[in-house]
Amino acid sequence: MRTPAWFFCQGFLLACVLALPIAALAQSSASPAPGLGIAPAGAGMSGDATTPQQGPADPVVASVEGHLIYLSDLGEASKTLPENLRGMPFETIYPVLLDRMVDHEALVMMAERKGLDQQKQVQKDIQAATDRILEGAYLGQVAAPQVTEQAIQARYNQEFANHPATEEVRARHILVTTEAEARKVLEDLKKGADFATVARLVSKDPDAAKGGDLGFFRREQVWPAFADVAFSLQPGQIAPNPVKNEFGWHVIKVEEKRLVAPPSFSDIHDQLKQQLLAAAVQRVIANAKGQLAIHRFNLDGSEIDNGPKLDVAAPVAPPSR
């Protein structure tokens, strides 16, 4: 069998029969997938769609013109099913997976008989798919191992552990073009006008539709002069003077204040993991580019100045812990 299949299920009906149109994209694998238990043909299976019981072999479950389809191929295909189907017993979806693998193999063979694999665009698409797989495989081998649980814990300790609670403010603002307009807004508010209503009427900021509500924010999330005013006010207070920046003049009202404790490790774990992985990917990319001759060109054919080449003497290593 030349292909482990990737299935995309677009509909599902379970009455007396399972019927779901599945399109398949495939590549080669004649051995069981790592971590996938394989049972011999006819053996009983239990568990969800991706965990048939462990068995001694990877049996052939179909043959199309001599090209073999193995049980492990169905196991791999089942991993790409939608979440609601992956939880089903493997023996329940086995007939459907098998039918679609046979359908896929038949279509691939007919495409080859028509010479489609020799068409220039098809070959280009195959190469592009191969390149994407190689890119992912390289990043998985070089970047992913850098993101260890120890590294995630170290980042958490650095950014959150034993840190004090952070003050946050929920404020509204009204943005106008001139100081005179801002002073007029302040006068109206002193006379009892509702802040949110005035914001909807005169503010030129996109959040005017929400009555100027900015939600909760930390000091470092807004520009310093705005933060100085907002964090100096108490809930319900309006700043006596407008604040100016490049967008205009801001009239500020604080609605609420709160102290927010640092997130727990479990709450922030996945986010930190993604941050570390993104940083690792960038290091790997920089390392790769530093070892290669790269030239970029403008549309007129002139070369773009790429700057100094990165001096990389050794492969990227995981960050120190």
Which atom pair, heavy atoms only, marks the closest approach of Ala143 to Ala280? O-CB, 3.8 Å
Check for a donor-acceptor pair, side chain of Glu181 on one end and backbone N or O of Thr178 on the other, with a separation under 3.5 Å. yes
Is it the case that one hydrophobic cluster holds both Leu97 and Val61, taking links as side-chain heavy atoms less than 4.5 Å apart, direct or via other members? yes
Heavy-atom check, side chain of Leu259 versus side chain of Thr166, under 4.5 Å: no
Would you call Arg218 and Glu167 a salt bridge, using N to O less than 4.0 angstrom? no
With a cut-off of under 6.0 Å to the ring centre and 45° to the axis, is Arg170 in cation-pi contact with Phe217? no
Looking at Gln141, I'd like to know if its CD atom is crowded, meaning that more than 12 non-hydrogen atoms belonging to other residues, nucleotides or ligands lie closer than 6.0 Å. no
Can you get from Phe195 to Val222 by hopping between Ile, Leu, Val, Met, Phe, Trp and Tyr side chains that sit under 4.5 Å apart? no
Tell me if the CG atom of Asp300 is crowded by more than 12 foreign heavy atoms within 6.0 Å. yes
Residues, nucleotides or ligands: over 12 heavy atoms within 6.0 Å of Phe247 CZ: no
Side-chain donor or acceptor of Thr130 paired with backbone N/O of Ile126 under 3.5 Å: yes
Just by distance, do the side chain of Arg172 and the backbone of Gly211 share a donor-acceptor pair under 3.5 Å? yes
Can you find a pair of side-chain heavy atoms, one from Asn245 and one from Val243, that are under 4.5 Å apart? no
Answer yes when Asp305 and Arg296 have at least one side-chain N-carboxylate O distance shorter than 4.0 Å, and no when they do not. no
Closest non-hydrogen atom pair between Ala230 and Val254, with its separation: O-CG2, 3.2 Å
If two hydrophobic side chains count as joined below 4.5 Å and joins carry through other members, does Leu175 share a cluster with Val202? no
Minimal non-hydrogen separation, Tyr156 against Pro263, with atom names: OH-O, 2.7 Å
Taking Ser203 for its side chain and Ala208 for its backbone only, find out whether a donor-acceptor pair lies under 3.5 Å. no
Leu186 and Ile238 have their tightest heavy-atom pair at CD2-CG2, 3.9 Å
Do side-chain atoms of Glu76 reach the backbone of Asp73 as a donor and acceptor pair under 3.5 angstrom? no
Is it the case that one hydrophobic cluster holds both Leu214 and Trp223, taking links as side-chain heavy atoms less than 4.5 Å apart, direct or via other members? yes
How long is the span from the CG atom in Leu74 to the CZ atom in Arg100, to the nearest 0.5 Å? 11.5 Å
For residues Gln274 and Asp270, is any side-chain donor paired with an opposing acceptor at under 3.5 Å? no
Could you check whether any side-chain heavy atom of Lys273 comes within less than 4.5 Å of a side-chain heavy atom of Ile152, counting everything from C-beta outward? yes
Starting at CG of Asp99, measure out to CD1 of Ile93 and round the result to the nearest 0.5 Å. 12.5 Å
Say you draw a straight line from CG of Asp213 to NZ of Lys253; how long is it, rounded to the nearest 0.5 Å? 10.5 Å
Treating Ser232 as the side-chain partner and Val229 as the backbone partner, does any N or O pair qualify as donor plus acceptor under 3.5 Å? yes
Ion pair check, Arg155 and Glu159, cut-off under 4.0 Å: yes
With a 4.0 Å cut-off, would you call Glu179 and Lys184 a salt bridge? no
Minimum heavy-atom separation for Ala62 to Leu98, with atom names? CB-CD1, 3.8 Å
Roughly how far, to the nearest 0.5 Å, is the CD atom of Gln221 from the CD atom of Glu168? 7.0 Å
Same cluster or not: Ile174 versus Val169, using hydrophobic residues (I, L, V, M, F, W, Y) connected whenever any side-chain heavy atoms lie under 4.5 Å apart? no
d(Phe265 CZ, Asn157 CG) to nearest 0.5 Å is 8.0 Å
Note, Val198 side chain near Leu189 side chain (heavy atom, < 4.5 Å): yes
Chi angles and distances behind the side-chain contact (heavy atoms from CB on, under 4.5 Å) call for Tyr138, Ile133: CA-CA 9 Å; Tyr138 183 72; Ile133 292 168; over 6 Å; no
Check: Phe297 and Ser302 side chains under 4.5 Å, non-hydrogen atoms: no
Residues Arg86, Glu83: salt bridge by 4.0 Å N-O rule: yes
Here the pair of heavy atoms bringing Gly140 nearest to Ala144 is O-CB, 3.3 Å
Does His163 use its side chain to pair, donor to acceptor, with the backbone of Gln158 at less than 3.5 Å? yes
Is Glu65 close to Glu105 at the side-chain level, that is, under 4.5 Å between some pair of heavy atoms? no
Under 4.5 Å between any side-chain heavy atoms of Val284 and Gln146, yes or no? yes
Just how far is it from atom CZ of Arg200 to atom CG of Asp207, taken to the nearest 0.5 Å? 11.0 Å
Side chain His67, main chain Ser63, donor-acceptor under 3.5 Å: no
Are Met110 and Leu107 packed together at the side-chain level, in the sense that at least one heavy-atom pair is separated by less than 4.5 angstrom? no
Quick check: does any side chain N or O of Lys257 sit under 3.5 Å from a backbone N or O of Phe231, one acting as donor and the other as acceptor? yes
Is there a donor-acceptor pair closer than 3.5 Å between any side-chain N or O of Lys210 and the backbone N or O of Gly215? no
Could you go step by step and tell me if Gln123 and Gln119 meet the side-chain contact (heavy atoms from CB on, under 4.5 Å) rule? CA-CA 6 Å; Gln123 291 182 339; Gln119 290 185 358; over 6 Å; no
Tell me if the aromatic rings of Trp249 and His173 count as close, with their centers under 6.0 Å from one another. no
Verdict with reasoning, Asp131 to Glu135, per side-chain contact (heavy atoms from CB on, under 4.5 Å): CA-CA 6 Å; Asp131 290 346; Glu135 177 184 25; over 6 Å; no
